[in-house]
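Only one structure is covered here, and it is reproduced in the block below.
In this chain, residues are counted from 1 in sequence order. One-based numbering, in listed order, for ligands and for the atoms of each.
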Amino acid sequence: MKLFTTEDVKRDALEGQTLAVLGYGSQGRAHANNLRDSGYNVIIGARPGGPTAKAAEAAGFEVFDFAEATAKAQHISMLVPDMVQPAVFEQIKDHLQDGDTLLFAHGLNVHFGAIEPPKNIDVTMVAPKSPGDLVRRQYQEGRGVPCLRAVYQDASGEAAERALSYAHGLGGTHAGVLDTTFAEETETDLFGEQAVLCGGTAQLVMHGFDTLVEAGYQPEAAYFECLHELKLIVDLLYEGGLDKMYEFISDTAAYGDLVSGPRIIDDSVKARMKDVLTDIQDGTFAKAWMDEYAAGSNGYQAMLTKRRAHPIESTGSKLRDRMSWLAKKNKAQEAA
Ligand code: NAD
Ligand code: MG
Ligand code: MG
Ligand code: MG
Ligand code: MG
């Protein structure tokens, strides 16, 4: 395991380069602003006249279409949504020059072959392990979120050093930059979000809520126990691992965890996690998602609509109205 920190950044391997950030969304905004504050010449590629092009201009960036931004820059960050990247790549590929860098924040398209970069460029990844708003906020507080770094293709001989300088420019070397590969980042990222972080957690929360409500308890009580308090536990895990959680919860909670946890999340869950991992590794998941997107995403949208109609949502929405400390901005408001 190699974890790079600020001392490992021997020189600025991106000195003199123009950095184009394609897409000014969650990651794009954070990368562009952090890199500019780190002293780089940063330009934005976006759809002309679109809402994010306006937001980037309002933040003082020069904005071009994707092809023009690529032509003007030597280092190009592909930060449009994963499903949009193959189409944007078609627009920029003829404008990539010898020794340019094409950087990703997630390896999906390159790893599963939806984007096939030309051989004369560097292809790298710097993947912050957090949403973009935290990448920005940590940087502004003089810190940084941990990042993964990978080199898929090294035409210049400097790909690894350039990617480390980029991660440093994001603030990533404060917490550490871990070396990985496109395969490892892609497969572990998809597995984490499907099995544990999003898929597993959402399902666990909903089943817990439904179990209490079906047993006749108030939905508000179920909401507090199964969703609201989750943050307090996750904060303890984040700060100090399982040990810190056991230090702070009651003995009753710890005993109940040890005897009932394995009844809920048993070996059959792990066996199905392995099935999910296999679908990720062999490309079954990526193909299904790309096919769904290409067909217009109707199935995806229908599943999302159904999920949003779950009673935990209306229950929580009313309770959260009273929690004045919660961030109330949605994604579009964050961007403005
Ligand atoms: P996003 O959904 O915030 O969108 C990025 C931007 O792309 C938009 O703001 C817009 O400027 C542009 N865009 C959107 N649709 C477009 C279209 N149809 N045509 C052209 N441009 C369009 O994206 P994101 O979440 O920042 O993800 C960017 C990359 O970063 C992805 O590869 C993602 O996997 C990776 N990543 C995201 C996160 C995260 O927390 N969001 C974390 C790590 C890595
Ligand atoms: Mg160029
Ligand atoms: Mg992730
Ligand atoms: Mg992901
Ligand atoms: Mg309790």
### Query
Under 30°, 30 to 60°, or over 60°: which ring-plane class applies to Phe182 and Phe104, parallel, tilted or perpendicular?
perpendicular
### Task
With heavy atoms under 4.0 Å as the rule, classify the contact between Gln85 and ligand 1 as side chain, backbone, both or neither.
side chain
### Query
Taking both backbone and side chain into account, is any N, O or S atom of Thr70 nearer than 2.8 Å to the Mg ion (ligand 2)?
yes
### Query
Which is it for Glu292 and Trp289 under the side chain to side chain contact (heavy atoms under 4.5 Å, CB included) test, yes or no, and what are the steps along the way?
CA-CA 5 Å; Glu292 170 63 22; Trp289 174 215; 4.2 Å; yes
### Message
Rounded to the nearest 0.5 Å, what separates atom NE2 in His174 from atom CD in Glu141?
### Response
12.0 Å
### Closest to atom 31 (C) of ligand 1 (judged by heavy-atom distance), picking from Leu22, Thr52, Asp82
Asp82
### Task
Examine the proximity of ligand 1 to Ala46 and report which part, side chain or backbone, both or neither, has a heavy atom under 4.0 Å away.
neither
### Message
Using a 4.0 Å cutoff against the non-hydrogen atoms of Tyr24, which atoms of ligand 1 qualify?
### Response
6 (C), 9 (O), 11 (O)
### Query
Is there a heavy atom of Phe66 sitting under 4.0 angstrom from any atom of ligand 1?
yes
### Message
Heavy-atom count check: over 12 atoms from other residues, nucleotides or ligands less than 6.0 Å from Phe224 CZ?
### Response
yes
### Message
Atom CD of residue position Glu116 - does it have more than 12 heavy atoms of other residues, nucleotides or ligands inside 6.0 Å?
### Response
no
### Query
Within the structure, does His106 bring an N/O atom to less than 3.5 angstrom of an N/O atom in ligand 1?
no
### Query
Just which atoms of ligand 1 are under 4.0 Å from any heavy atom in Ser26?
3 (O), 25 (O), 26 (O), 41 (N)
#### Entry: Distance flag, aromatic centroids of His75 and Tyr40, threshold under 6.0 Å
no
### Message
Can you tell me which portion of Ser130 lies within the under-4.0 Å heavy-atom range of ligand 1? Options are side chain, backbone, both, or neither.
### Response
backbone
### Message
If I only include protein atoms of type N, O or S, how many are less than 2.8 Å from the Mg ion (ligand 4)?
### Response
2
### Query
Is it the side chain (CB and beyond), the backbone, both or neither of Lys129 that lies under 4.0 Å from ligand 1, heavy atoms counted?
neither
### Query
Between Met83, Glu193, Arg47, His31, which one has a non-hydrogen atom sitting closest to atom 15 (N) of ligand 1?
Arg47
### Query
Which one holds for Val80 and ligand 1: side chain close, backbone close, both close, or neither close, with close meaning a heavy atom under 4.0 Å?
both
### Query
Taking it one step at a time, do Val9 and Phe4 satisfy side chain to side chain contact (heavy atoms under 4.5 Å, CB included)?
CA-CA 8 Å; Val9 187; Phe4 297 96; over 6 Å; no
### Message
For a quick check under 3.5 Å, do Tyr166 and Thr101 share a side-chain donor-acceptor pair by atom type?
### Response
no
### Task
Go through the steps for Phe66 and His95 under the test side chain to side chain contact (heavy atoms under 4.5 Å, CB included), then give the verdict.
CA-CA 10 Å; Phe66 295 119; His95 303 275; over 6 Å; no
### Task
Closest by any non-hydrogen atom to atom 40 (O) of ligand 1: pick that one out of Pro131, Ala105, Ala53.
Pro131
## Note on the structure
Pro128 heavy atoms within 4.0 Å reach ligand 1 at atoms 43 (C)
### Task
Could you verify whether a donor N or O on one side chain and an acceptor N or O on the other, from Glu185 and His111, lie under 3.5 Å apart?
no
### Task
Please answer whether the main-chain N or O of Arg136 pairs with a side-chain N or O of Asn33 as donor and acceptor at a distance below 3.5 Å.
no
### Query
How wide is the angle at the Mg ion (ligand 2) between O of Ala73 and O of Ala71, to the nearest 10°?
110°
### Message
I need the single residue from Gln85, His106, Gln27 that forms a side chain to side chain contact (heavy atoms under 4.5 Å, CB included) with Met78. Which is it?
### Response
Gln85
### Task
Apply side chain to side chain contact (heavy atoms under 4.5 Å, CB included) to the pair Tyr246 and Leu258, showing each step before the final yes or no.
CA-CA 11 Å; Tyr246 289 122; Leu258 296 169; 3.9 Å; yes
#### Entry: Pair Asp122, Thr124: side-chain N/O donor-acceptor within cut-off below 3.5 Å
no
### Query
With respect to atom 4 (O) of ligand 1, which of Pro81, Gly28, Gly50 exhibits the smallest heavy-atom separation?
Pro81
